Structures are given as structure tokens and as C-alpha cells.
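Bear in mind the structure is a predicted one, so any value in this text is a computation, not a measurement.
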Amino acid sequence: MSATLKSRPATDGFHMPAEFAAHDGCWLLWPERTDNWRLGAKPAQAAFTAVATAVAATEPVTVAVSARQFRNARARLPARVRVLEMSSDDAWMRDVGPTFVVDRRGRRRAVDWEFNAWGGLDKGLYFPWDLDAAVAGKVCEAERTDRYLAPFVLEGGSIHVDGQGTLITTEECLLNPNRNPGRSRAQLEKLLAAYLGIETIIWLGQGVIHDETDGHVDNLCCFSAPGEVCLTWTNDRRDPQYARSNDAYERLKSARDARGRRLKIHRLVQPGPLYMTDDEAAGSDGSSAAPRLPGQRLAGSYANFYIANRQVVMPLLDRRRDAAAGAVLKRAFPGRKVVGVPAREILLGGGNIHCITQQVPRAARRRLRTG
């Protein structure tokens, strides 16, 4: 059973570890809504299956799926992937699932954030979102993990941490009034410190252009090691992404992390630019709050990868750029294998590999009583 705690993680000695720390597992949700995923969500399901299969090579994977899709998912996913029945509104586990925290004794707990579908009634992506809002608590039950209920809206994709006291995020997302109206930057900084156990926040400006999540940092920049980050980049000054990435680069270059280090920045070339085709736009039912339009620029980014045990699972998005991006990631993660998975179908739905995954950090093993 999962207990709901009245205290705060930092007060109890808990903090969010880095994604590159060891994992006990990974969670995903199964895509099915036809107003977001084209052609009855079948192409997206194939892409999610490929991601789950790749991650499962080095850590346990659980895929949560609705009752009506359970047999389909179980048939598609490999036997080593656990499939559990769970209702949801869509398939973005990073944003609707819990954020796990640990302490020095190896205990694991979780933070259950408030969720409002990336903006609520002010440019949110769909309504209702009550099933998504309940996912974190259900994951905690399945993991037998006690949880803290955070008193503010936050999505997992809007933050990255180094596990040593530093967090990076974007002003475009966290300071957007459609998340926590009335809360100041200083108030949010105190809440982030209290619920994630961090000491230093590096604020970047805007995220990837046309990112419908209002600029999630996981599509722009992430920690690859203590004191190192990967940043989405383009050398094309005519591309509107250049100003955003260059601004982030300048902020990162002048920043110091919680340990006083300057950051090493790995510039990660962006794919494309990529655009939605006529056929892709016509493939969905068309009733989504986030319309899919022909010619619409896609928020493609190689920074939206997942760091698994002993490997990095990266999206393959552009044959002209995939190899160059993979080479950067190999330099950034010298101890891990870089595995590419075709991910355009996930991008068409509004995110990518990092957005659909949520790691469960390693906890101390409990000894079972005998006799």
C-alpha cells in the first residue's frame, strides 16, 4: 500500500536523483486516443513498442494500458515487459507519472504533482484530464512507494536535475501563468527546493520552437553527467530556434551548478527542421485541443532521449542528422551504448522518447524476514 505523507521530501532528507543514476525500472503508458495519434494509434503503438523493447534490454519495463487495449498491448510487447491495466487520458508518463526521490539510506519515495494537461482551460491540450491526474498515485501503488502530494502544477518533462543539487528548467514553461497563476519565481524556487531537494536552479529562457508543452526543458537541454549538459543546437541563424538555443547556451556558459562548477556543454544538432505532411495531418480524428495541421513545424529534438541502465535510447528523426547526433551522445555518455529508435510517430503526437518514459531510481533492497 502507498501512504500519503504530510511532510516534504527535502525535510525528510529526500532528493531527486539524476536520470543517469542506476534504475530499478521504467514506466510507459500505451497510446490509443485517435484524435492525437494517427491511423487509430497503430503507428504510435509500434513506436512505443520499439522504445519499450530497447529500454527493457537493460532494465525492467512496465507499460500501463487501458482495459480495452490490454490484449493488443500484451500481444505486441515482448514477454519481458510487464503490462498492467491502468486508465489514462493519453500516453505521456513523464508528465503525468510520479517523480521518484531517494535518501542516503537508499529509501525511495515519490512526488505526485498536480496536473492540468499543460495549461488547464488556458491553452491546455485536452479536457478532461482526470484520468491522467490519477496515474501517479496508481504507479505509486504498483511500486508500493509512499508519496508526497505537491501543492502546485508541474510536469516531469519541465525539469532535469544532476542529482547533486542542481536543476535546470525554462521560464517559458514554469513561469507560464497557465500553470501556477499568482506564484512568483521566488515562490516556485522554494517549492522546487522543498519537493526535489535541490539547491541551485539554472533558468533557461524558451524551449524548442512550437513545443506545445510551452517549452519543456527535456526537449531543449538535459544533464548528461555532473557538470555536463546536452543542448539542442542549430548553426542556422535564420532558423528561429537559433536565438532560443543561443540564449540557452549563453545562460549555461555563465552559470555555476550547486557544486560551483562551470558546465561543459555538448551541442546537439537538431533534426530537420521537420514538418507535418498532409497525410500525417489527415490521419487523426481532428478533435484534439492541439490541432494537427499540414505544414506545421514539429518540435523535433535529439535531446529528448532516455538514459537507461548502460545505454541511451535516442530518437531517430532525420537520416541526414541521426548519425551526427548519435556521435555527440556517444561522447557525452562514454560508458553507455547509444541505441536509436525510429520516433517520428511519437513526435507527431507532440513529444518524444523522454516524454513517454519515467525512470524508477534504484532503491536499497529490503531483506525479507524468514522463520
Side-chain angles (χ1 to χ4, degrees), residues 19-20 157-158 160 162 166 168-173 202-257 261-277 280 295-307 312-334 336 338-344 346-348 350-355:
E19 189 172 318
F20 49 75
S158 69
H160 262 301
D162 67 352
T166 312
I168 52 175
T169 189
T170 66
E171 296 166 343
E172 181 182 5
C173 182
I202 299 174
W203 288 93
L204 304 183
Q206 295 177 298
V208 171
I209 190 166
H210 292 175
D211 185 343
E212 62 191 32
T213 65
D214 299 312
H216 271 189
V217 78
D218 72 348
N219 216 29
L220 176 72
C221 181
C222 67
F223 285 103
S224 57
E228 298 187 27
V229 296
C230 292
L231 173 67
T232 294
W233 187 257
T234 177
N235 287 316
D236 185 358
R237 293 174 178 264
R238 299 167 298 176
D239 189 322
Q241 183 58 40
Y242 177 83
R244 293 168 176 243
S245 292
N246 189 60
D247 178 68
Y249 179 81
E250 294 298 329
R251 296 190 192 208
L252 290 165
K253 192 167 64 172
S254 63
R256 290 184 181 271
D257 66 15
R261 295 172 294 219
R262 293 195 180 276
L263 298 174
K264 180 178 180 180
I265 305 168
H266 301 276
R267 289 191 280 196
L268 193 58
V269 62
Q270 70 173 2
L274 305 174
Y275 300 90
M276 186 171 293
T277 68
E280 288 168 344
Q296 174 183 344
R297 180 164 176 172
L298 302 170
S301 167
Y302 290 115
N304 208 305
F305 54 79
Y306 178 73
I307 309 170
V312 173
V313 182
M314 66 167 283
L316 299 178
L317 296 169
D318 182 348
R319 291 182 180 179
R320 299 168 300 171
R321 307 281 173 81
D322 290 343
V328 173
L329 293 179
K330 287 178 182 177
R331 291 194 294 271
F333 296 94
R336 284 179 162 87
V338 176
V339 178
V341 176
R344 184 175 175 93
I346 308 173
L347 178 58
L348 293 174
N352 224 289
I353 291 175
H354 194 259
C355 304

Between D162 and P226, is there a donor-acceptor pair closer than 3.5 Å when you use the side chain of the first and the backbone of the second? no
Out of curiosity, R244 CZ to T234 OG1, how far, rounded to the nearest 0.5 Å? 13.0 Å
What pair of heavy atoms forms the shortest contact from C221 to V229, and how long is it? SG-CB, 3.8 Å
Atom pair CZ (F223) and CD1 (I168), whose distance is rounded to the nearest 0.5 Å: 4.5 Å
T232 side chain to Q270 backbone, donor-acceptor under 3.5 Å: no
Could you pull out all residues at least two apart from S245 that satisfy side-chain hydrogen bond (donor to acceptor under 3.5 Å, both in side chains)? Q241
Residues two or more places apart in sequence or in another chain: which of them pass ring pair (Phe, Tyr, Trp, His ring centres under 6.0 Å) with Y302? none
Between CD1 of I353 and CD1 of I307, what distance do you get to the nearest 0.5 Å? 12.5 Å
Of all the heavy-atom pairs spanning L329 and C230, show the shortest one and how long it is. CD2-SG, 4.2 Å
Might you work through the side-chain contact (heavy atoms from CB on, under 4.5 Å) test for W203 and T170, ending with a clear yes or no? CA-CA 6 Å; W203 288 93; T170 66; over 6 Å; no
Once rounded to the nearest 0.5 Å, what's the spacing between atom SG of C222 and atom CG of L268? 8.0 Å
Using the test ring pair (Phe, Tyr, Trp, His ring centres under 6.0 Å), find all partners of F20 that sit at least two apart in sequence or belong to another chain. none
Main chain of M276, side chain of Q296: is a donor-acceptor contact present, judged purely on distance under 3.5 Å? no
Is there a side-chain contact between R267 and V328 in this structure, where contact means two heavy atoms from C-beta onward sitting under 4.5 Å apart? no
Give the C-alpha distance, both sets of side-chain angles, the deciding distance and a yes or no for side-chain hydrogen bond (donor to acceptor under 3.5 Å, both in side chains) between D211 and T213. CA-CA 5 Å; D211 185 343; T213 65; 2.7 Å; yes
Closest non-hydrogen atoms of A325 and M314, given as atom of the first, atom of the second and distance, are CB-CE, 4.1 Å
Please confirm whether the backbone N or O of L317 pairs with a side-chain atom of D322, one donor and one acceptor, at under 3.5 Å? yes
Looking at R261, H266, K264, which one forms a side-chain hydrogen bond (donor to acceptor under 3.5 Å, both in side chains) with E228? H266
Please check this pair: side chain of R251 against backbone of I202, looking for a donor-acceptor N/O pair closer than 3.5 Å. no
Closest heavy-atom contact between D318 and G272? OD2-N, 2.7 Å
To the closest 0.5 Å, what do you measure between CG (D214) and CD (Q206)? 11.0 Å
Between atom CG of N304 and atom NE2 of H354, what is the distance when rounded to the nearest 0.5 Å? 7.0 Å
Verify, without hydrogens or angle tests, whether R237 (side chain) and Y242 (backbone) share a donor-acceptor contact under 3.5 angstrom. no
